[in-house]
Number of protein chains: 2
Amino acid sequence: MTDVVTPPTSPVSRERSKEIKRLSVISTARQVRVLSRAELTELTGLSPATLTPLVRELIAEGYLIERGPGASRAGRPRAMLEFNPRAELVAAVSLEPSRLSCEIADSDGTVVAHRTVRLAGDIIDTICRSVPELAGDGLPALRGVAIAAPGVSSGGAVRLAPSVGLVEGRPIGEAVQRHLGVPVVVDNDVNLMAAGEHAAGAGSDVADLLLLHVADGIGAGLVLDGQVRRGAGGAAGEVGFLPLDPADRGHDGVGPFEARWSENAVAERVVALAPGRRPDAPVAALVELARADERAAAYLDEVLTAWSRLIVSCVCVIDPGRVLLSGAAAQLDDPAVDRLQALVAAAAPSTTEVRRAVLGDRAVLHGAVSYALSAAATGLPTLLPAP
Amino acid sequence: MTDVVTPPTSPVSRERSKEIKRLSVISTARQVRVLSRAELTELTGLSPATLTPLVRELIAEGYLIERGPGASRAGRPRAMLEFNPRAELVAAVSLEPSRLSCEIADSDGTVVAHRTVRLAGDIIDTICRSVPELAGDGLPALRGVAIAAPGVSSGGAVRLAPSVGLVEGRPIGEAVQRHLGVPVVVDNDVNLMAAGEHAAGAGSDVADLLLLHVADGIGAGLVLDGQVRRGAGGAAGEVGFLPLDPADRGHDGVGPFEARWSENAVAERVVALAPGRRPDAPVAALVELARADERAAAYLDEVLTAWSRLIVSCVCVIDPGRVLLSGAAAQLDDPAVDRLQALVAAAAPSTTEVRRAVLGDRAVLHGAVSYALSAAATGLPTLLPAP
DNA sequence: ATAGTTCGTTCGCCGTAGGAAGGAAGTGTG
DNA sequence: CACACTTCCTTCCTACGGCGAACGAACTAT
């Protein structure tokens, strides 16, 4: 079965159970933000007697801040506790072909510090220097590092290596983890976006979603049962390779589908329809054009139809229930999204909501926060989405 | 997501931690089969002092049987304990349109008793009567019931309702659970097969797999990270609906893909190629024909190509790493499987193994065992797939 | 004021995890 | 054959933590 062949430490040792309690309280407080001890007893199931010393400890460590008394209808008012997001910092590192952007955020996803560095010299060194510098005196509060590597559209972890040097997840992650002493997660940007939208965006109310990211290539990030799923070889979501048309042919690590329906491909057609410079937002431009130009409208419908078939394919396989449009696909206006939704509904075997993602550029950051926090909270009964 | 909004009991209460220890020992013993207390301390991390009374308890309950002393190079020989598979029985109920088959198995998947009943009267009553009768004096050892409902090929849980009466997961599962007092799981047969192959078949060495079941329709069962995934609406694996050819059209709850490439569709063509009675195993018949008949060989290749595009689609979305062929697809001979493997390798973005499933009819049973045992292990009341 | 209500803390019992020591049952060695 | 030596299992003991119960605190309602 699974590889839990050797659990070297007792499942119910003293330290372990203490840690479980701590994490249970912290994660509850993180969700509810401001609450009293009485609410904690309800939410965690721990007895008041157990909570008193634990809360005291957490206050001392800065996780919780004691606020004044709350309102009371009758009886002693509750002494309110506020979760301190600054008690947990997270670093999000984005690798790009020639540079590296690094952000320190608190557990709200609020950016505390950020910096962009040109890549020179060793990536690992650069990361291990930048993160502590940026974190400054907040370094002890650093709970995790998430490293986003590009390349969803270019065929998974394997093929992205050349673009940024050696980025085979494990080495870079392990090296940084050893240096900084906190959990490090390496993943591709689309997976992080999916995690971000799930944690704090258009998917915070569901346990399953698929984020469709259209850019130079087309990739998808998959959240099932509250977790990002990467598949056996980390190539889950490589939907640009879907063989939806026997005539389509991919080339050089570009999938057959994305060769025709990526942002690049659309941009070329848009330039043909409206000669001029390649627009920054080709899909937005196409939507605009389609209002007046009949040929543009027809092509827009082609694009929507193609994308809908892509979405339907994903729905047939994993039934995510909700699909988020990201990247160029998020440039669609409401009528276009509605049209897409209708096309999907007509062909999918189960009801599926199609929406735009809402976090935009901040999705990766929120995903990194979510990764790092859950990496820090290994082994606790994680209560995932907020209501 | 789930309704675990209010964990009413403490995460580390006394009973809970005791239960965790028990389960930890039991599941270790189930895997290793015969071991000593010393091995248990290593594997579970529990101290010898903790284990002594616990093991005594488990022996008294019949979970473990004390065997003679084992070999020893030096020192006191280990007193060997053998896991007793009969201590945990599981009922697997298969619903079919007009009948109901019921099997009692031990945790090895060895069938202890079985029976087939014609469906007359209330399904729930029938189940609640049959299971205890079959279990006999083993009833106290019953740890769970898994109910397999047909209908993967007919569009998920919703559409299978008419064929067997009311089978909307929840009612039937809850009712039986209330009557028998053990966890009950209801799922469709393909998901159970996937779980079975994962637990005891061609997928026991991997954490992710996709089982492709070709029958009247085409459906897939999905195991990701060791768990069967059903998707938000329980429609994951409805791959018969994949829009792989714009020209294909489904009808009446039959997907466009399966309308052309299911066992039925193949059977029709086989009859056309070799007039006569519809063969029991049309794919096997086609493979046989293809050895001599060129048109048959060409058609077989068409079928393999179509199936390979189906598999590639699934691989692009979830990258299972291993694909198991079940039902009619398992009738392929080695060269055909190799051909399929090659077609997949040529188009898939990640390496994928294509194999035949090995459990055949027993897959559902093993899946049921696996479900029921893990339902009992989590201590959760039930994990029901969404209706 | 007084009663009533709700919160938080302290106290103390009890159960249990795990260290330490000791008995049990073998193998090797003089 | 006695004696050390090794390994395994058990028993004893202690310290610690969970949680029930009693208590004090802080406020509202009458």
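So you know, we letter chains A, B, ... as the sequences are listed, proteins then strands, and number each from 1. Just the heavy atoms: all of them, side chains too, but no hydrogens, waters or symmetry mates, feed the values below.
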Gap between atoms CG and P, on Leu54(A) and dC16(D) respectively (whole Å): 18 Å
Between P of dT7(D) and CE of Met80(B), the distance in whole Å: 16 Å
Exercise: do Tyr63(A) and Asn84(A) side chains pair donor with acceptor under 3.5 Å: no
For the student: nearest non-hydrogen atoms of Arg37(A) and Ala79(A), plus distance: NH1-CB, 3.9 Å
Sugar-phosphate only, base, or nothing, as touched by Ala38(B) at under 4.0 Å among non-hydrogen atoms: sugar-phosphate
Under 4.0 angstrom between Arg78(A) side-chain N/O and dC7(C) OP1 or OP2: yes
All N/O pairs under 3.5 Å across the protein-nucleotides 3-5 of chain C interface:
| from | atom 1 | to | atom 2 | distance (Å) |
| --- | --- | --- | --- | --- |
| dT5(C) | O2 | Gly75(A) | N | 3.2 |

Nucleotide dA25(C), atom P - distance to CZ of Arg37(B) in whole Å: 13 Å
Rounded interatomic separation in angstrom, taking CG from Leu51(A) and P from dT9(C): 9 Å
Nearest-nucleotide 5' precedence on DNA chain D, Pro48(A) against Pro69(A): Pro48(A)
Out of dT11(D), dG18(C), dC19(D), whichever nucleotide has its closest atom nearest the side chain of Thr50(A): dC19(D)
Integer-rounded Å distance: dT9(C) C1' and Leu40(A) CG: 15 Å
Between C1' of dT10(D) and CG of Leu81(B), the distance in whole Å: 14 Å
Lys/Arg-Asp/Glu bridge criterion (N-O < 4.0 Å) met for Arg322(A), Asp205(A): yes
Qualifying residue for salt bridge (charged side-chain N to carboxylate O under 4.0 Å, His left out) with Asp108(A), from Arg362(A), Arg33(A), Arg86(A): Arg33(A)
Worked verdict on Leu209(A) versus His198(A) for side chain to side chain contact (heavy atoms under 4.5 Å, CB included): CA-CA 8 Å; Leu209(A) 68 83; His198(A) 173 63; 3.9 Å; yes
salt_bridge(Glu39(B), Arg78(B)) N-O dist < 4.0 Å: yes
Rounded distance (Å) that lies between atom P of dG18(D) and atom NZ of Lys18(B): 18 Å
Selected nucleotide, minimal atom distance to Arg56(A) side chain, candidates dG18(C), dT11(D), dT10(C): dT10(C)
Nearest-Å distance for atom pair CD/C1', residues Glu66(B) and dA25(C): 14 Å
Under-4.0 Å side-chain N/O to phosphate OP1/OP2 contact, Lys21(A) with dG17(D): no
Side-chain donor or acceptor of Glu197(A) paired with backbone N/O of Ala202(A) under 3.5 Å: yes
